[in-house]
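Convention: sequence-line order gives letters A, B, ...; per-chain numbering from 1.
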Protein chains: 2
Amino acid sequence: MTNTTPRLLDEQLCFAFYSASKKFNHFYQDALKPFHLTYPQYITMLALWETSPMTVRELGSHLNLDSGTLTPLLKRLEKQGWITRTRSEQYERQVNVNLTDYALEERDNVYARVNDCIDLMKMTGVDYDHLLNQIHEVMDELDQIRQKDLIKEA
Amino acid sequence: MTNTTPRLLDEQLCFAFYSASKKFNHFYQDALKPFHLTYPQYITMLALWETSPMTVRELGSHLNLDSGTLTPLLKRLEKQGWITRTRSEQYERQVNVNLTDYALEERDNVYARVNDCIDLMKMTGVDYDHLLNQIHEVMDELDQIRQKDLIKEA
DNA sequence: AACAATTTAGTTGTACACGATTAATTCAAT
DNA sequence: ATTGAATTAATCGTGTACAACTAAATTGTT
């Protein structure tokens, strides 16, 4: 018996994640326009506002991004005055990412703006905790599959 | 009262969508490696296997992608022999995207491969329909917000 | 018919995302 | 101490995304 059609629900689920992710991206793009921050830049700043300094590697493991993505992104944040990048003195091979005074000053303004925009959504029909759980369940499945053989060969 | 921290659940939800979308992307990247198709290319082919020919505009409204994304993507699919792009004769301004014989021949192989990989996931703890509903609920909220004023002004 | 408005696809520029590679530094083990 | 392995960030190449713009074709209005 051959499969002549893809499994509809999985397809729909994947496409839903794909679409929702893009929509959230636009949402933050709009919300953060006053600060000229994209969503990836924003979550980078969020991580740094929580813990700083961090090395590129540490940031990457928080955000699941590698240096190929982070290095240019961090250069843009640096150029816009949010962060500084300095080689660590003890370990020349790593780079410490630090917040600027500007970033510390603007933090609460950014938070307030994001919260104001989020308040526009009235997520009445959404059970956050359950939804988050289900998404993490799916992600765990996907992580486990990467370990297996079938998907790796070819 | 000022907001000095972002609303945690919304942040987590957005980041979960962002991460899950990337993971699904890798999953399909691996699954479709034998066919040299990326996920966006795959969903484009899915749409065409269901209905073809379609104009670039029609494809775009199915996939929520504009010509800036689709034109180069379609050129790649054309170069790899999956589709042809021909100006419509009645309406010179639109381009018909057609499947090649190769695409028709390979369809079931692609479906089978995707299904085999999807079968590796045993989504025991996931209620598909409910999860899909919740995601669409969130997307509807995001769509409604784009209409509003606060988010539009810079 | 003439011309403005609209539609369609393509182009350009910016910004991720990531695999693969490179270069520099540090560690380890003899 | 020397050399081989591992770690870290940067770089390069490919492929999305999308806003803004352009060019061509079509439609609407006068």
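- Following rounding to the nearest Å, B:L70 (CG) and D:dA19 (P) show an atom-to-atom distance of 14 Å.
- Distance CG (B:L74) to P (D:dT16): 10 Å, rounded to an integer number of Å.
- The residue B:Y39 sits apart from the nucleic acid: no heavy atom pair falls under 4.0 Å.
- Below 30°, between 30° and 60°, or above 60°: for A:Y42 and A:Y39 the angle between ring planes is between 30° and 60°, a tilted geometry.
- An OP1 or OP2 oxygen of C:dG10 is reached within less than 4.0 angstrom by a side-chain nitrogen or oxygen of B:R85.
- In the set C:dG10, D:dC18, D:dA10, the nucleotide with an atom closest to the side chain of B:S67 is C:dG10.
- A:T38 comes within contact range of the sugar-phosphate backbone alone, with a heavy-atom separation under 4.0 Å but no base atom that close.
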Show your reasoning for whether side chain to side chain donor-acceptor pair (under 3.5 Å) applies to B:Q41 and B:Y28.
CA-CA 10 Å; B:Q41 290 166 5; B:Y28 277 97; over 6 Å; no

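- Nucleic acid contact for B:Q41: sugar-phosphate only, since backbone atoms but no base atoms lie under 4.0 Å from a heavy atom of the residue.
- For C:dC16, one of the phosphate oxygens OP1 or OP2 lies less than 4.0 angstrom from a side-chain nitrogen or oxygen of A:R76.
- Residue A:R57 has its side chain nearest to D:dT8 when only D:dA10, D:dA25, D:dT8 are considered.
- Taking the nucleotide of DNA chain D with the nearest heavy atom to each of A:P72 and B:P72, the more 5' of the two is matched to A:P72.
- If you check C:dG19, D:dT16, D:dT8 against the side chain of A:Q94, the one that comes closest is D:dT8.
- Comparing D:dT16, C:dA9, C:dC16 by their nearest atom to the side chain of B:L73 picks out D:dT16.
- Atom CD of A:E92 and atom P of D:dT8 are 15 Å apart (whole Å).
- Using a 4.0 Å cut-off, no side-chain N or O of B:K22 falls inside it from OP1 or OP2 of C:dA17.
- For C:dC16, the OP1/OP2 oxygens have no side-chain nitrogen or oxygen of B:Y18 closer than 4.0 Å.
- Across D:dA10, C:dA15, C:dT11, the shortest atom-to-atom separation from the side chain of B:T71 is found for C:dT11.
- With rounding to whole Å, B:K75 atom NZ is found 16 Å from D:dT14 atom P.
- Electrostatic pairing of B:R85 and B:E78 counts as a salt bridge here, judged by a charged N lying under 4.0 Å from a carboxylate O.
- Proximity of B:Q90 to the phosphate of D:dT26: no side-chain N or O atom is located under 4.0 Å from OP1 or OP2.
- Within the 4.0 Å cut-off from OP1 or OP2 of C:dA15, not a single side-chain nitrogen or oxygen of A:K79 is found.
- The aromatic rings of B:F24 and B:F27 sit perpendicular, their planes meeting at an angle over 60°, well past the 30° parallel limit.
- Using a 4.0 Å heavy-atom distance criterion, A:N64 is classed as a sugar-phosphate-only contact.
- Note on ring orientation: taking the six-membered ring where Trp is involved, the planes of A:W49 and A:Y111 are perpendicular (angle over 60°, cut-offs 30° and 60°).
- Taking atom CG of residue B:L63 and atom P of nucleotide D:dC18, one finds them 11 Å apart after rounding to whole Å.
- The distance from atom NE2 of A:H26 to atom C1' of C:dC16 is 13 Å, rounded to the nearest whole Å.
- Closest approach to the A:T55 side chain among C:dC16, D:dA9, C:dG10 is made by D:dA9 (side chain taken as heavy atoms from C-beta onward).
- Defined by atom type and a distance below 3.5 Å, a donor-acceptor pair is present between the side-chain atoms of B:D10 and A:Y128.
- Closest to the A:L65 side chain, of the nucleotides C:dA17, D:dA17, D:dA9, is C:dA17.
- Distance CG (A:D66) to C1' (C:dT22): 14 Å, rounded to an integer number of Å.
- When distances run from any side-chain atom of B:R93 to the nucleotides C:dA9, C:dC16, D:dA25, the shortest one goes to D:dA25.
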